[in-house]
Structures are given as structure tokens and as C-alpha cells.
Amino acid sequence: MKRTYRRAFTAIAAVAALCAGAPAAAQDSPTKPVRIVVGFAAGGPTDVIARIVAADLTTQMGQTFLVENKPGANAMIATEQVAHAAPDGYTLLFSSLSLLVNAILQPDKAKYDPFKDFAPISNGALLPMVIVTSPETGINTLPELVARAKAKPGEVTYGTPGQGGSGHLAGAMLENLTNTKMQDVPFKGNAPALAEVMAGRVTFMFYPITGIANQVQGKKLKVLAVGTKARHPDFPDAPTTAEAGYPTLEETAPWVGMLAPAGTPAPIVIKLSEEMRKSLAKPETKERFKALGAITVGDTPAEYAAFLKKDHERWARVIKAAGVKAE
């Protein structure tokens, strides 16, 4: 007779602990399909990475892991759904920094607590951004951009895919670091924002590292800096943000990772973390992430929890200092 996911994991962990004299991770796999809820539409980086991990988990654990897209309200709908789901390991959340930012920007609307309502499983990847402008602006370096912002307060503009998104927060962080006042210009997504930057109607933007190589080669965009620790092979002539004088901007890279509802038994969380890290360690998975411009992470539940706490503190400071408001 099939046992439930929770009972199987708990029982196995208890027996292992008695036999070995120490806690042990569960060894059983789930006995029915597992849902991984994504708060964004299909095709975006969070969704694509979630599907890569889901396919690996399906193969590794012998049970189907299904990605379910629940877009809306900057992923708040999906996040709330998983926060209040049964803590049995069958409903998981593949999230981004929206998990933290929604709770900071809209504490009255976000019907969840990012720490009390979730059990971190593993951080999956970081998605570094590049700072781009049009060659028509005449700005060739990040220091030149900052100098212009200081000389003309409020006149330098940066495009964002929406208020409170990663591009908006990165721009706000740059303002804080440089003690400048720039004007954010929100759009409904990265693509329309980039079009306005290429046209020279918006000064610059933080953009995901993939998808712009052709525009750069065609002289429609200029990369001022890349938010990676080393220079990126797609843009070898562009300095890193550290080389440009602003190492803190590396922290603007959005992340994507998996969490379970709070109260999910520890053996299940540990097992899922182990299996996810196996997926992320595969050379073929690393290559697929690299093609997306993502840097593979893969950490323990405790490491992921510590990362989330630090990230929450950082963005809370940025949001407060810059006066960022939700839409």
C-alpha cells in the first residue's frame, strides 16, 4: 500500500535516526506528482530554469514534477497559494526576489511572510544584469553615466520592466551608491524598455545578460558594465561593475530558487534539496543555465535561508533610501 509522502519521509527518518544514532535524510521518493508553482508566465527565466530542474527531479526521483504557471501581481498570487498549501512536499514554489520585495513594498497586500510561511530548499541560480545605453547618448562608461547624473539631477532616466522589479531596484541601488537623483521610467516588461533605450529616449537600463549580443554587435546598444565577477565572454571589452568602481552592483543579480510551505517535514526538505543540488551539479544542466546567462548556485536549506535574510535586509535598505513605491 502506498504511503503518503510525509509519512514515508518521517518514518524513514525516524528509523534511520534510531539505527545510526543521528538524523538522516529521507530516501523515499514521492508517491504522486509534485507541483512546482511559478508566479510568472511561461518562457521567462524563472519558468525556464524551473522546468530544467523539474525535468531532472522527475528522472532522479521516479515521479513527475509538474511546473504550473500562476502569473499575476508580481508573483504574489502564486506565492500566497504555496504559502497556504498543505506542507506535505507535493506543492512547491519556484520563486525570485519578488518573494521578498512584495512583502517589503506591500506588507498589507502580501498575505504571507517570506520567512515564517516558507521552508527554503535551495537557491537555484543568479541572473546577472548588464548596464546598457544607446551609442547616441555619448556615454561610454559607467563613471561617465554617474557624472552626467550628478551634473543634471533628475534628467538621466533608466527603463525598468515595472515598479519594484529587479531592474528598478538595481537602478535605485545605483542612485543610492552614487548619491544621485535619476528618473525611473516603468514599462510592461524588459522588451519595451529596451526598445526605448535603443531609440535614445531613455538613457540606460539594467538588462538580463542574455538576448542583447546581436544589438551590441549591431551598434544599437553599448554595454557600460556587466554585473559579474569576471568579464563576460559575450562582451569582453565591457568592464565588470567592480572594475568600473561599483562592486556592490554585483548584488543586483536576481535569483531563482525553490521553497516549500512552512511545516513541511525536515526529511522531505532535505531530500528535495539534495536532489535539486544533484540536478544543478550536472554538467549538462550547468551548460543550459550558462546559455541562459544564469550562474548556477545550489545550496543547503540553511545556506539558502541565510541568503534570503541577507537579501531581504539589503533590498529593504535600498527601497527605504530610494523611496521606492509599489505600482
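Being a predicted model, the structure only gives us computed values, none of them experimental.
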Exercise for review: Kindly indicate whether the side chain of M76, heavy atoms from C-beta on, has any atom under 4.5 Å from the side chain of S98.
Suggested key: no
Revision key, fill the gap. Separation between OG1 (T296) and CD1 (I52), nearest 0.5 Å, reads 9.0 Å
Exercise for review: Say whether D56 and T285, considering side chains only, have a donor N or O and an acceptor N or O under 3.5 Å apart.
Suggested key: yes
Check your understanding: Between CH2 of W315 and CD1 of I104, what distance do you get to the nearest 0.5 Å?
Key -> 9.5 Å
Review point. Less than 4.5 Å apart, any side-chain heavy atom of K181 and any of K152?
Key: no
Revision key, fill the gap. M61 and L272 have their tightest heavy-atom pair at SD-CD2, 4.2 Å
Study note, to complete from the structure: Here the pair of heavy atoms bringing Q81 nearest to K70 is OE1-CE, 3.4 Å
Practice item. Please step through side-chain contact (heavy atoms from CB on, under 4.5 Å) for the pair L224 and V132, ending with a clear verdict. Key: CA-CA 6 Å; L224 301 180; V132 295; over 6 Å; no
Check your understanding: T248: what forms a side chain to side chain contact (heavy atoms under 4.5 Å, CB included) with it, not counting sequence neighbours?
Key -> M173, L177, E251
Exercise for review: Search all heavy atoms of A78 against all heavy atoms of G39 and return the closest pair with its distance.
Suggested key: CB-CA, 3.5 Å
Review point. Are any of the side-chain heavy atoms of L259 and F94 separated by less than 4.5 Å?
Key: no
Study note, to complete from the structure: In terms of heavy-atom contacts, A294 and I49 come closest through CB-CD1, 4.1 Å
Practice item. Taking all heavy atoms of V202 and all of G159, pick out the closest pair and write down the distance. Key: CG1-N, 3.3 Å
Point to revise | Evaluation steps, side-chain contact (heavy atoms from CB on, under 4.5 Å), between L249 and I131 | key: CA-CA 10 Å; L249 289 177; I131 304 172; 4.2 Å; yes
Check your understanding: Can you list the residues that meet the side-chain hydrogen bond (donor to acceptor under 3.5 Å, both in side chains) rule with S273, with sequence neighbours excluded?
Key -> R277
Exercise for review: Please determine if E80 and K111 form a salt bridge, counting it only when a charged side-chain N lies under 4.0 Å from a carboxylate O.
Suggested key: no
Practice item. Quick one: which residue pairs count as a ring-ring contact (aromatic ring centres under 6.0 Å, His included) with a foot in residues 138-159, not counting sequence neighbours? Key: Y158-F204
Review point. Which pairs count as side chain to side chain donor-acceptor pair (under 3.5 Å) when at least one residue sits in residues 219-230, sequence neighbours excluded?
Key: K229-E250
Check your understanding: Under a 4.5 Å cut-off applied to non-hydrogen side-chain atoms, are P261 and F118 in contact?
Key -> no
Review point. For N190, what residues pass the side chain to side chain contact (heavy atoms under 4.5 Å, CB included) criterion, not counting sequence neighbours?
Key: P161, M205, Y207, P208
Exercise for review: Please report the C-alpha distance between V34 and T64 in whole Å, then the side-chain angles of each, then the deciding distance to 0.1 Å, and finally whether the side-chain contact (heavy atoms from CB on, under 4.5 Å) criterion is met.
Suggested key: CA-CA 6 Å; V34 177; T64 303; over 6 Å; no
Point to revise | side chain to side chain contact (heavy atoms under 4.5 Å, CB included) partner of E175, chosen from D184, T180, V156, V318 | key: T180
**Study point:** OG1-NE2 distance between T160 and H168, expressed to the nearest 0.5 angstrom
**Key:** 6.0 Å
Under 3.5 Å, which donor-acceptor pairs do the side chains of residues 136-151 form with other protein atoms, sequence neighbours left out?
unit_1	atom_1	unit_2	atom_2	d
T137	OG1	T133	OG1	3.1
T137	OG1	S134	O	2.8
T137	OG1	I139	N	3.2
T141	OG1	E144	N	3.1
E144	OE1	N140	N	2.9
R148	NH1	T137	O	3.2
R148	NH2	T137	O	2.9

Point to revise | Inter- and intrachain pairs under salt bridge (charged side-chain N to carboxylate O under 4.0 Å, His left out), touching residues 189-204, at least two apart | key: E196-R201
Review point. Do T157 and T203 have a side chain donor and acceptor closer than 3.5 Å?
Key: yes
Exercise for review: Check the pair T252 / Y246 against side chain to side chain donor-acceptor pair (under 3.5 Å), numbers first and verdict last.
Suggested key: CA-CA 11 Å; T252 61; Y246 301 99; over 6 Å; no
Exercise for review: Report yes if the side chains of P45 and V256 come closer than 4.5 Å at any heavy-atom pair, otherwise no.
Suggested key: no
**Study point:** Contacts of type side chain to side chain contact (heavy atoms under 4.5 Å, CB included), residue L100, not counting sequence neighbours
**Key:** P114, F115, W255, L308, D311, H312
Check your understanding: Under the side chain to side chain contact (heavy atoms under 4.5 Å, CB included) test, which residues partner D47, sequence neighbours left out?
Key -> V38, A42, R51, V67, N69
Practice item. Taking all non-hydrogen atoms of both residues into account, name the closest pair between I36 and F65 and its distance. Key: CD1-CD2, 4.0 Å
Exercise for review: Starting from the C-alpha separation in whole Å, work towards a yes-or-no answer on salt bridge (Lys or Arg N to Asp or Glu O under 4.0 Å) for E284 and R288.
Suggested key: CA-CA 6 Å; E284 57 268 35; R288 293 184 71 182; over 6 Å; no
Practice item. Please determine if E275 and K278 form a salt bridge, counting it only when a charged side-chain N lies under 4.0 Å from a carboxylate O. Key: yes
Review point. Would you call S96 and F40 a side-chain contact if the rule is heavy atoms closer than 4.5 Å?
Key: yes
Check your understanding: Between the side chains of D299 and N123, is a donor N or O closer than 3.5 angstrom to an acceptor N or O?
Key -> no
Point to revise | Under the ring-ring contact (aromatic ring centres under 6.0 Å, His included) test, residues paired with F289 that sit two or more places apart | key: none
Check your understanding: Would you say the side-chain atoms of Y112 pair up with the backbone N or O of L99, donor to acceptor, closer than 3.5 Å?
Key -> yes
Revision key, fill the gap. Rounded to the nearest 0.5 angstrom, the CG-CG distance for N176 and L169 is 10.5 Å
Point to revise | Partners passing side-chain hydrogen bond (donor to acceptor under 3.5 Å, both in side chains) against Q217 (at least two apart in sequence or in another chain) | key: none
Exercise for review: Report the distance from atom CE of M198 to atom CD1 of I212, rounding to the nearest 0.5 Å.
Suggested key: 10.0 Å
Point to revise | Spatial distance of atom NZ (K286) from atom CD1 (I295) [nearest 0.5 Å] | key: 11.0 Å
Exercise for review: Begin from the C-alpha positions of M258 and S122 and carry the test side-chain contact (heavy atoms from CB on, under 4.5 Å) through to its verdict.
Suggested key: CA-CA 6 Å; M258 192 149 68; S122 179; 5.9 Å; no
Practice item. Could you tell me whether the side chain of T264 and the main chain of A260 form a donor-acceptor pair under 3.5 Å? Key: no
Study note, to complete from the structure: So side chain to side chain donor-acceptor pair (under 3.5 Å) across residues 230-241, not counting sequence neighbours, yields R231-E243
